[in-house]
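Single-structure report; data block below.
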Amino acid sequence: MPDETDTKPPAITPARAVIALCLVAPFVAMLWVSSYAKVDPAFIGIPFFYWYQMAWVLISTALTMTAYKLWQRDQRARKGGASA
């Protein structure tokens, strides 16, 4: 009979759902070309098509960093709070 202390945490947690969302959002944003395939609104003379993609480079960096930090926190919690 398994001990109650030996139960594993669920595989899908709210933190892991947020991690997945952070990693999938840039792909969806870039693959949905019809949403940004236009010239206006221009930003300092740069057509929307280009500055939208460049903005996603920065947004993707922030989202990936957030996902990584959440993953580290999730792994520490699963190992009993040991410092990693």
Side-chain angles (χ1 to χ4, degrees):
M1 179 177 239
D3 212 20
E4 282 190 34
T5 58
D6 292 340
T7 59
K8 292 183 179 182
I12 300 175
T13 61
R16 288 184 176 197
V18 171
I19 290 168
L21 184 62
C22 285
L23 296 176
V24 169
F27 288 102
V28 173
M30 290 292 93
L31 289 175
W32 187 19
V33 178
S34 63
S35 70
Y36 63 91
K38 52 190 171 185
V39 175
D40 289 324
F43 176 67
I44 60 171
I46 302 170
F48 181 75
F49 181 79
Y50 294 112
W51 70 257
Y52 178 83
Q53 291 177 72
M54 290 299 107
W56 270 102
V57 170
L58 300 175
I59 295 166
S60 296
T61 302
L63 289 173
T64 303
M65 186 174 65
T66 301
Y68 177 69
K69 292 297 183 182
L70 286 171
W71 181 256
Q72 283 183 323
R73 184 186 304 170
D74 184 64
Q75 292 304 302
R76 277 195 304 269
R78 285 176 177 270
K79 291 180 183 177
S83 183

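Counting from 1, the numbers follow the sequence of the chain as shown.
Two different hydrophobic clusters hold Val24 and Trp56 under the rule that ILVMFWY side chains link at heavy-atom gaps under 4.5 Å. Leu63 and Leu31 sit in two unconnected hydrophobic clusters of ILVMFWY residues. Membership requires side-chain heavy atoms under 4.5 Å apart, directly or through other members. Note on Met65 and Leu70: separate hydrophobic clusters, where clusters join Ile, Leu, Val, Met, Phe, Trp and Tyr whose side-chain heavy atoms are under 4.5 Å apart, directly or indirectly. Cluster annotation: Val33 and Tyr52 are assigned to the same hydrophobic cluster (Ile/Leu/Val/Met/Phe/Trp/Tyr, side-chain heavy-atom contacts under 4.5 Å, transitive). Put simply, Tyr36 and Ile59 are part of the same group of oily side chains (I, L, V, M, F, W, Y) that touch within less than 4.5 Å, one to the next.
Distance check: Lys79 NZ to Asp74 CG gives 10.5 Å after rounding to the nearest 0.5 Å. Taking CZ of Arg73 as the start and CD1 of Ile19 as the end, the distance is 9.5 Å to the nearest 0.5 Å.
By the neighbour-count criterion of 12 heavy atoms within 6.0 Å, atom CD1 of Ile12 is sparsely surrounded, having that number or fewer from other residues, nucleotides or ligands.
Between Trp51 and Phe48, the ring-plane angle classifies as perpendicular under the 30° and 60° cut-offs.
The two residues Thr66 and Cys22 have their closest heavy-atom pair at CG2-SG, 4.3 Å.
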